[in-house]
Amino acid sequence: MKRQFLKLALLSAGMALAGLSGTAIAQDKPTLKILVGFPPGGSVDVVARLLAERMRTSLDQNVIVENKPGAAGRIALGELKRANPDGNTLALVPSGGLVIMPWLYKNLGYDPVKDFSPIARVTTFDFAVTTGPGSPATDIKSLMGWLKANPGKANYATSGAGTVPHFAGQLLAQESNTPMTHVAYKGGAPAAQDLIGGQIPVMIDTASETLEHHKTGKLKIVAVTGESRSAALPEVPTLKEVGINVVADAFFGLYGPAGMQADRTQKISDAVAQALNNPEIQNRIKGFGLVPSYANAAALTASQATHLKRWEAPIKASGYTAE
């Protein structure tokens, strides 16, 4: 896992240097900034840099990525809200900041619908239910049966409280009538290590966190949370396939501040589509466990609305708040 993050960091740094060499493009035009609310090296940062690399050419404009880490992405969203709506300040946003956090904070600092202009969906991804030596289960049905029979051990790990995997676990517990206790870790890597060590029996998080361990047999991914099976795990069923009516997926979307002109929005959206049509970029994105999945502004708006509504009931039922 450390090697994976090192590769991501090196790739991110290389793209940043490449960005410097592109500053000669259209010097008479303002620079377009893509804000990322997380540190360099993570998947959202790398995807933003992949987009920037291609958008420089298609927009004939210098495009840079600016990291604004902190508060699980809310700092970047706050800056985007205050930006000039000329289309030269954008943000690549994991969907949790717009569909989960509004139900967790009374004073979020932004309205997820009114304060931003959707431009394009970039990627989609779902999550993996993974079991380890702390449980004797070999498939999702036997896992849920074991958890129900052992309520004192029915704990599931995620990479953090208030995340999509956190509430995916709540939905799984509700739909399977199996009380489960959430255990929040500070990231997927330490959660996976405790799963390997048997300290916790099950983990719900992005497949990239446990995929290599699944391949080597240290862990077993027993289900995925998407509408359909993952291309990376074609042998693993979805929860819906085994009769558990749970779908939990997420996306990265490109947004601008509210009030952007329609022609500028469309031009940037077209540039994203061109970038995602590049086979090299597609392969790099897939390498992070993400699915390149372009959708225009209207489709992104509809997807955001669907996800926002989907998470209202389980989050409110959990009683969890971030304040």
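Because the structure is a prediction, the values reported are computed rather than measured.
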K.L.:
Run through V272, I119, L51, L35 and flag the one making a side chain to side chain contact (heavy atoms under 4.5 Å, CB included) with L90.
P.N.:
I119

K.L.:
Which atom pair, heavy atoms only, marks the closest approach of R121 to S293?
P.N.:
NH2-OG, 2.7 Å

K.L.:
Is there a donor-acceptor pair under 3.5 Å between the side chain of N150 and the backbone N or O of K153?
P.N.:
no

K.L.:
With no hydrogens and no angle check, just 3.5 Å: does a side-chain donor-acceptor pair link T238 and R229?
P.N.:
no

K.L.:
Is it the case that the ring center of Y320 lies less than 6.0 angstrom away from the ring center of H182?
P.N.:
no

K.L.:
Under the ring-ring contact (aromatic ring centres under 6.0 Å, His included) rule, collect the residues that match up with H307, sequence neighbours excluded.
P.N.:
F251

K.L.:
Any chance you could pull the hydrophobic cluster mates of V183, using side-chain heavy atoms under 4.5 angstrom and chaining through other members?
P.N.:
Y185, L195, I196, I200, M203, L219

K.L.:
Mind running side chain to side chain contact (heavy atoms under 4.5 Å, CB included) on M180 and N155 for me, showing each step along the way?
P.N.:
CA-CA 6 Å; M180 296 166 60; N155 304 316; over 6 Å; no

K.L.:
Do the side chains of V236 and L290 join up, straight or via other hydrophobic residues, at under 4.5 Å, putting them in one cluster?
P.N.:
no

K.L.:
Taking ring-ring contact (aromatic ring centres under 6.0 Å, His included) as the test, write out the residues that go with Y255, two or more places apart.
P.N.:
none

K.L.:
Nearest 0.5 Å, please: how far is CG in L104 from OG in S318?
P.N.:
7.5 Å

K.L.:
Please walk me through it: do K220 and H213 pass side chain to side chain contact (heavy atoms under 4.5 Å, CB included)?
P.N.:
CA-CA 8 Å; K220 185 172 179 62; H213 299 306; over 6 Å; no

K.L.:
Going through the checks in order, is the side chain to side chain contact (heavy atoms under 4.5 Å, CB included) test met by T163 and I100?
P.N.:
CA-CA 7 Å; T163 60; I100 294 287; over 6 Å; no

K.L.:
Okay, side chain of R56, backbone of V63: is any donor-acceptor separation there less than 3.5 Å?
P.N.:
yes

K.L.:
For the hydrophobic clusters of this structure (ILVMFWY residues joined by side-chain heavy atoms under 4.5 Å, transitively), does one cluster hold both V224 and F167?
P.N.:
no

K.L.:
Checking side-chain polar atoms at under 3.5 Å, does Y294 have a donor or acceptor matched by the opposite partner on T123?
P.N.:
no

K.L.:
Quick check for you: to the nearest 0.5 Å, what is the distance between R54 atom CZ and L50 atom CG?
P.N.:
9.5 Å

K.L.:
Please answer whether the main-chain N or O of A273 pairs with a side-chain N or O of N277 as donor and acceptor at a distance below 3.5 Å.
P.N.:
no

K.L.:
Answer yes or no: is there a donor N or O on one side and an acceptor on the other, between the side chain of H214 and the main chain of I221, under 3.5 Å?
P.N.:
yes

K.L.:
For the backbone of P165 and the side chain of T158, can you confirm whether one donor and one acceptor N or O come within less than 3.5 Å of each other?
P.N.:
no

K.L.:
What pairs of residues pass the side-chain hydrogen bond (donor to acceptor under 3.5 Å, both in side chains) test when at least one of them lies in residues 80-101, not counting sequence neighbours?
P.N.:
Q61-N88, D86-N88, N88-R264

K.L.:
Got a salt bridge between E312 and K316, using NZ or NE/NH1/NH2 to carboxylate O under 4.0 Å?
P.N.:
yes

K.L.:
Is it the case that the side chain of W103 and the backbone of L308 share a donor-acceptor pair, with hydrogens and angles ignored and the cut-off at 3.5 Å?
P.N.:
yes

K.L.:
Grab the two heavy atoms, one from F127 and one from A250, that are nearest each other, plus how far apart they are.
P.N.:
CZ-CB, 4.0 Å

K.L.:
Can D270 and Q266 be counted as having a side-chain donor-acceptor contact under 3.5 angstrom?
P.N.:
yes

K.L.:
Answer yes if the side chains of D205 and S159 hold a donor-acceptor pair under 3.5 Å, and no otherwise.
P.N.:
yes

K.L.:
Do the side chains of Y110 and I75 join up, straight or via other hydrophobic residues, at under 4.5 Å, putting them in one cluster?
P.N.:
no

K.L.:
Check side chain to side chain contact (heavy atoms under 4.5 Å, CB included) between V291 and all other residues, then give those that pass, not counting sequence neighbours.
P.N.:
T124

K.L.:
Taking all heavy atoms of A297 and all of P118, pick out the closest pair and write down the distance.
P.N.:
CB-O, 3.3 Å

K.L.:
Do V202 and V129 pass the side chain to side chain contact (heavy atoms under 4.5 Å, CB included) test, and can you show the C-alpha distance, the side-chain angles, and the key distance before you say yes or no?
P.N.:
CA-CA 7 Å; V202 62; V129 181; 3.8 Å; yes

K.L.:
One thing to verify: whether K267 and D263 come together as a salt bridge, which I'm taking to mean a side-chain N less than 4.0 angstrom from a carboxylate O.
P.N.:
no

K.L.:
Specify the closest pair of heavy atoms between S269 and N296, including all atoms of both residues, with the distance to one decimal.
P.N.:
OG-CA, 4.0 Å

K.L.:
Report whether I204 and W146 are members of the same hydrophobic cluster (ILVMFWY, side-chain heavy atoms less than 4.5 Å apart, transitive linking).
P.N.:
yes

K.L.:
Where the side chain of T306 meets the backbone of A302, is there a donor-acceptor pair that is under 3.5 Å apart?
P.N.:
yes

K.L.:
Measuring from E175:CD to M144:CE, what's the distance to the nearest 0.5 Å?
P.N.:
11.0 Å

K.L.:
For residues P179 and N177, report the shortest heavy-atom separation together with the two atoms involved.
P.N.:
CD-O, 3.9 Å

K.L.:
Examine distances only and state if a side-chain atom of S142 and a backbone atom of A137 form a donor-acceptor pair shorter than 3.5 Å.
P.N.:
no

K.L.:
Just verifying a value: how many Å separate N245 CG and S176 OG, rounded to the nearest 0.5 Å?
P.N.:
12.0 Å

K.L.:
Considering residues at least two apart in sequence or located in another chain, which fulfil the side chain to side chain donor-acceptor pair (under 3.5 Å) criterion with T301?
P.N.:
none

K.L.:
What heavy-atom pair brings V242 and K141 nearest, and what distance separates the two atoms?
P.N.:
O-CE, 3.8 Å

K.L.:
Atom OG1 in T210, atom NZ in K215: separation rounded to 0.5 Å?
P.N.:
11.0 Å

K.L.:
To the closest 0.5 Å, what do you measure between CD (Q170) and CD1 (I315)?
P.N.:
9.5 Å

K.L.:
Do the rings of F125 and F252 sit parallel, tilted or perpendicular, given the 30° and 60° boundaries?
P.N.:
perpendicular

K.L.:
Distance to the ring centre below 6.0 angstrom and angle to the axis at most 45 degrees; does that hold for R74 and Y105?
P.N.:
yes

K.L.:
Hydrophobic clusters here meaning ILVMFWY residues chained together by side-chain heavy-atom distances under 4.5 Å, can you tell me if L171 and I140 are in one?
P.N.:
yes

